[in-house]
2 protein chains.
Amino acid sequence: MSTRTDAPTRREQILKEAARLFAERGFHGVGVDEIGAAVGISGPGLYRHFPGKDAMLAELLVGISGRLLTGAKRRLAEADGQAGRAGAEAVLDSLIEGHIDFALDDRPLITLHDRELDRLRESDRKLVRQLQRQYVELWVEVVRKVHPELSEPAARSAVHSVFGLLNSTPHLGRAGTLPGRGDTARLLHRMARGAFAAAADSSADRLAAG
Amino acid sequence: MSTRTDAPTRREQILKEAARLFAERGFHGVGVDEIGAAVGISGPGLYRHFPGKDAMLAELLVGISGRLLTGAKRRLAEADGQAGRAGAEAVLDSLIEGHIDFALDDRPLITLHDRELDRLRESDRKLVRQLQRQYVELWVEVVRKVHPELSEPAARSAVHSVFGLLNSTPHLGRAGTLPGRGDTARLLHRMARGAFAAAADSSADRLAAG
DNA sequence: CCTTCAGGTTAACGACCGCTAACCTCGCTG
DNA sequence: CAGCGAGGTTAGCGGTCGTTAACCTGAAGG
């Protein structure tokens, strides 16, 4: 598994800093001069690496969606063969774990992912949405194998909601006031599984409408 | 229970449309001319009602946080008296229900709430954060009454995560492809309770680290 | 009937921002 | 060592945006 040890290219530096700045202050809130300054060059120097500011955002968002989907497909293939509900549970755990890793390691990207999609050109936006949809549908299939009682629309809503839960990491303590990474990951994992289980257990609706 | 039947004032119209536009395209992505056009007046006419664009955002965010906190306090007081875990469960259900109502009825505000906070003047931002913190702490207390096994940091993380879950409604089907409002509310409610329960049940960590 | 004022209007200013143009300066290579 | 391309630089253009200035209008009040 390609574990990079060599220095990042300037292009990669730019993408990383741009992601951080976009996440912090929004796409329109960041000027190209600031992005340049963040990597030690100034303003228009960026145009040696990208055709424009939009292109940076597009590459970030397409990259995120693509990596999420690719990772999920790989995890699905790895745990293949083991059929039945037990196998499906293993796959679901693997999907959750992968998403949590991503959410914890690339917070700015997670933030961008559902915040700046509308700033893209039509074609890029369509591509990103298509990748996102495939990712969701992949989850939906696995969730319905683990919880066959769930209808497809309910499963899809549940998946979106669990994404909301897992993607909440940027809100968990700006500083290191929260528990260690391992504890946080385990907590999120448990909650995700519990949320899916509760979604499937509609007999839990013993609460009177308020 | 002030159920308004009279027509909204121009000021309220402006706030509502501004919220929608800010949520759709980001604070910096919307011009004052657009906000004006959305309420039938044009550009600078807004300055008869607000000292500036920033002030609209500030009033929106302070209003949201304040309403959330006020509602939660009211619900806490209403269900007071009934002590013990059963009473706490009722309060938690009431809090969840209130938050879901808000998330479903005021999607744009929910979106703004955790997206544009950094665009505020220092003083307003501090006020909003203080209101948010009180709201979170109120939840944390109730959650820990229902699930005493949860440490305070874990409970706080869990609460933030459940907010992420409940606030995911803007991502659930832009159009009406999703189930009805009542079904969605019940699903979210169940998932929130399930997530809290799973957070508290740390014996569920039988999964080997990947 | 005159005044006042809330709530609009259009014109325009100044700042900022994305991007281009023109130029510079290395390090490599034939 | 000449040439050249990669990767910078600064100056500046054109457009947009928030805000202000100056003016208009219609309804209410004495």
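Source: prediction; values computed, not measured. Letters A, B, ... mirror the listed sequences (proteins, then strands); counts begin at 1.
- From A:L188, atom CG reaches atom CD1 of A:I100 across 5.0 Å, with rounding to the nearest 0.5 Å.
- With a cutoff of under 4.0 Å to any heavy atom of chain B, the contacted region of DNA chain C is bounded 5' to 3' by C:dG7 to C:dA11.
- Running 5' to 3' along DNA chain D, contacts with non-hydrogen atoms of chain A at under 4.0 Å begin and end at D:dG7 to D:dA11.
- Applying a 4.0 Å cut-off to non-hydrogen atoms, the residues of residues 44-53 of chain B that approach DNA chain D are B:P44, B:Y47, B:R48, B:G52, B:K53, listed by residue number.
- At the heavy-atom level, A:V39 lies nowhere under 4.0 Å from the strands shown.
- One distance of note links NE2 of A:H160 with CD of A:Q132; it measures 8.5 Å at 0.5 Å rounding.
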List the atom pairs, donor and acceptor, that lie under 3.5 Å between side-chain atoms in residues 58-66 of chain A and the rest of the protein, sequence neighbours left out.
from  : atom 1 : to    : atom 2 : distance (Å)
A:E59 : OE1    : A:R11 : NH2    : 3.0
A:E59 : OE2    : A:R11 : NH1    : 2.8
A:S65 : OG     : A:L61 : O      : 2.8

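- For the pair B:E17 and B:R20, the salt-bridge criterion is met [side-chain N within less than 4.0 Å of a carboxylate O].
- In this view, A:F22 and A:F27 satisfy the ring-ring contact (aromatic ring centres under 6.0 Å, His included) rule, not counting sequence neighbours.
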**Request:** Would you please test A:R181 and A:D101 for salt bridge (charged side-chain N to carboxylate O under 4.0 Å, His left out) and show each step?
**Result:** CA-CA 10 Å; A:R181 193 209 129 105; A:D101 284 347; 2.7 Å; yes
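- Using a 30° and 60° split on the angle between ring planes, A:F196 and A:W139 fall in the tilted class, from 30° to 60°.
- Using a cut-off of 4.0 Å between Lys/Arg side-chain N and Asp/Glu carboxylate O, B:R125 and B:E122 are scored as salt-bridged.
- In this structure, the separation between NZ on B:K145 and CG on B:L92 is 11.5 Å, given to the nearest 0.5 Å.
- In summary, A:E152 and A:R156 engage in a salt bridge, as defined by a charged side-chain N under 4.0 Å from a carboxylate O.
- Fit an axis to the five pairs at each end of the helix from C:dC1-D:dG30 to C:dG30-D:dC1 and the two axes sit 10° apart, to the nearest 10 degrees.
- At a threshold of 4.5 Å between non-hydrogen side-chain atoms, the residues A:V162 and A:V159 do not count as touching.
- Judged by distance alone, the side chains of A:N167 and A:H113 never bring a donor and an acceptor atom under 3.5 Å apart.
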